[in-house]
Amino acid sequence: MLDLNFIREHTDEVKEALAKLHAVAPIDEILKLDEERRTLLAESETLRARRNAVSKEMGALQRQIQQTQGKDQEKLRERFAETREEMRQVGERIKAIEEQMVQVETLLKKALLEVPNMPHESVPVGADESDNLIVRTEGEPRQFDFEPLPHWELGPMLGLIDFERGVKISGTRFYVLTGLGARLQRALTAWMLDLHVMEHGYTEVYLPFMVKQDCMWGAGQFPKFRENVYYDTEDDLYLVPTAEVPITNLHRDEILEPGTLPLRYVACTPCFRREKMSAGRDTRGIKRVHQFDKVEMYKFVEPHTSYDELEAMVRDAEDICRGLGIPHRIVQMCTGDLGFQAAKKYDVEMWAPGCGEWLEVSSLSNCEEFQARRANIRYRPAKGEKPRFVHTLNGSGLALPRVMIAIMENYQQADGSIAVPEVLIPYMGGIREIKV
RNA sequence: GGAGGGAUGGCCGAGUGGACUAUGGCGACGGUCUUGAAAACCGUUGUGGCGGCAACGUCACCGGGGGUUCGAAUCCCUCUCCCUCCGCCA
């Protein structure tokens, strides 16, 4: 969410940004509603001030009545009744104005929630993903002296993935990991979490996988991704599409005291996505599925540090790629591919020789104040100072199925077996090779 | 799931219709005193909106929402959360 004052005072700048994003948002409507709201507010406040003052007088008057007798008391009683009638009308007027104001405010809030974040000045202008910038590539794609297989062949062949049974029990885009497949994912998860906790300074958290609707708005998932989440209508709870949602809301409606920031969290949660918008795409294998695990990094930081923290987070994600010895590259999103909440965003992609494509294994964003404003997360820069909105950053570190794909496809050997990456061997109980 | 009790400022806690539009205490901060500190004493101490260059003024907020009333922290309804007891359960 953008600052209403900012929209009012920098309208042209906001509209220009929207054009770069190729997004539409009801800016003029917002300005109109804001104007209306402030007019109504001034009116109701004037009336309230009057009522407050008169109410106080009426209290005094009533005490006076009790201390008086006879004719004088009669007079005072009359005055009291007159004032009461007058105030009754003021009360009705206040009520009417406030009803109007509630309507205006509801519309205003709804409109504000539809406005995407503004891109940072360092973001290249572009139309769509073809204008994204490849920042750097690390590691040489391995040369095979045989035809590398895609994971959807390797998985079943080695008894790591069972597609049929996944579909049988839950339908398309569900899968089952079996035996060393399940173990490999568990090893990978444990290793990634350990690295972030012990080397990168994150605090591990275990989170609810179902959240209230407020959380979805707070993290900026709603209104845009409403169609894409699973939910339970009976309790009005939503299955998390990413750990970013519950983590953002950890500090919702809080004012963090001086010295608290930065807060760096890491969590592994399942992610549930209906993938309605990509129906029919990537239907083979486990690249795009309805349920997957993801290790997520998240930071709450002071505004002046957020861009350094973003670069650091990118390095943390790269450390995983490097540790696994998988060729990868960093891509910077252009304005047209930034999405709804990010002011700046990088993707980390791993090379998958079997499918022959770069797989997005991480997406790292600086949301600046956008989520903080929605979720009302502030900090106090120093004792006695006014609270300010924090900056929030999120990034996968990393998404499990796609890293599984990359490992299987990069580490496959001529005889169909898969070597276990060095760093994972201790987590695999010493197993160095997965074979039939 | 059943029965009962709660929710007030950073914390504790008073307040059952108007009198300071939240008493008092603790903590924190500033000051006086002191070589320094403690104690004592004095003062300050929430969030947000609107208006104003500003000092400041004003309005709202006593878990959330609604109602009664000229006027609600206070009365009524409702929701959420917490606590106690009972039942069930990995």
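Quick note on labels: first sequence line is chain A, next is B, and so on, each numbered from 1.
What separates CG of A:Asp236 from C1' of B:rC79 is a distance of 13 Å, to the nearest Å. Between the P atom of B:rG64 and the CG atom of A:Asp214 lies a distance of 14 Å, rounded to the nearest Å. What separates CD of A:Glu257 from C1' of B:rG10 is a distance of 8 Å, to the nearest Å. Straight-line distance from the NZ atom of A:Lys109 to the C1' atom of B:rG48: 14 Å, rounded to whole Å. Atom-to-atom, CE of A:Met87 to C1' of B:rG18 comes out at 14 Å; the value is rounded to the nearest Å. Atom P of nucleotide B:rG10 and atom CG of A:Leu256 are separated by 14 Å, given to the nearest angstrom. The nearest whole Å value for the distance from the CZ atom in A:Arg51 to the P atom in B:rU21 is 15 Å. A straight line from NZ of A:Lys95 to C1' of B:rG67 spans 8 Å, rounded to a whole angstrom.
The gap from the C1' atom of B:rA14 to that of B:rC62 amounts to 13 Å, rounded to the nearest Å. Comparing the C1' positions of B:rG27 and B:rC79 gives an interatomic distance of 34 Å, to the nearest angstrom. Between B:rA55 and B:rG6, the distance separating the two P atoms is 45 Å to the nearest Å. B:rG46 and B:rA28 have their C1' atoms separated by 13 Å, given to the nearest Å. Between B:rC70 and B:rC12, the distance separating the two P atoms is 37 Å to the nearest Å. Rounded to a whole angstrom, the distance from the P atom of B:rG67 to that of B:rC83 is 32 Å.
For B:rC70, neither phosphate oxygen OP1 nor OP2 lies less than 4.0 angstrom from any side-chain nitrogen or oxygen of A:Lys56. Contact between the side-chain N/O atoms of A:Lys386 and the OP1/OP2 oxygens of B:rG48 is found at a separation under 4.0 Å. For A:Asn52 and B:rG18, the shortest distance from a side-chain N or O to OP1 or OP2 is not below 4.0 Å. Under 4.0 angstrom from either OP1 or OP2 of B:rU69 there lies no side-chain N or O belonging to A:Arg88.
B:rU80 is paired with B:rA7 under the criterion used here, namely a Watson-Crick or G-U wobble arrangement in which both key atom distances are under 3.5 Å. Here B:rC29 sits opposite B:rG43 as a Watson-Crick or G-U wobble pair (both hydrogen-bonding atom distances under 3.5 Å). As the counterpart of B:rG51, B:rC56 is assigned, both hydrogen-bonding distances of the Watson-Crick or G-U wobble pattern falling under 3.5 Å. In this structure B:rA90 sits in no base pair that meets the Watson-Crick or G-U test at under 3.5 Å.
Going from atom CE of A:Met58 over to atom OG1 of A:Thr83 covers 5.5 Å, rounded to the nearest 0.5 Å.
Within 4.0 Å (heavy atoms only), A:Arg50 reaches no atom of the nucleic acid at all. Contact annotation for A:Lys212: no contact, since no heavy-atom pair falls under 4.0 Å across all strands.
Between A:Phe222 and A:Tyr238, the ring planes are perpendicular. Angles over 60° get that label, and only those under 30° would be called parallel.
Note: A:Phe174 and A:Phe163 fail the aromatic proximity criterion, with ring centroids not under 6.0 Å apart. Close placement of the A:Phe300 and A:His251 rings is indicated, their centers lying within 6.0 Å of each other.
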If you restrict it to nitrogen or oxygen atoms, what contacts under 3.5 Å exist between nucleotides 49-53 of chain B and the protein, and what is each distance?
residue, atom, partner, partner atom, Å
B:rG49, N2, A:Glu45, OE1, 2.6
B:rG49, N2, A:Glu45, OE2, 2.4
B:rG51, OP1, A:Arg38, NH1, 2.9

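A residue-by-residue look at A:Arg378 and A:Met58 shows that A:Arg378 has its nearest nucleotide of RNA chain B further toward the 5' end. Nearest-nucleotide assignment on RNA chain B puts the 5′-proximal partner with A:Phe80, out of A:Phe80 and A:Ile255.
When distances are taken from the side chain of A:Ala49 to each of B:rG18, B:rU47, B:rU58, the shortest belongs to B:rU58. Distance from the side chain of A:Arg380 is smallest to B:rG46 among B:rC70, B:rU68, B:rG46. In the set B:rG67, B:rC70, B:rG18, the nucleotide with an atom closest to the side chain of A:Arg84 is B:rC70.
Checking A:Glu368 against A:His391 by side-chain atom types alone, no donor-acceptor pair falls below 3.5 Å.
Residue-environment remark: CD (A:Gln69) stays at or below the threshold of 12 foreign heavy atoms within 6.0 Å.
Here the rule is side-chain hydrogen bond (donor to acceptor under 3.5 Å, both in side chains) with A:Gln371, and of A:Thr392, A:Asn117, A:Asn249 only A:Thr392 fits it.
Here the shortest heavy-atom pairing between A:Pro241 and A:Gln221 reads CG-OE1, 3.7 Å.
The cationic atom of A:Arg77 (NZ for Lys, CZ for Arg) does not lie both less than 6.0 Å from the six-membered ring centre of A:Phe80 and within 45° of the ring axis.
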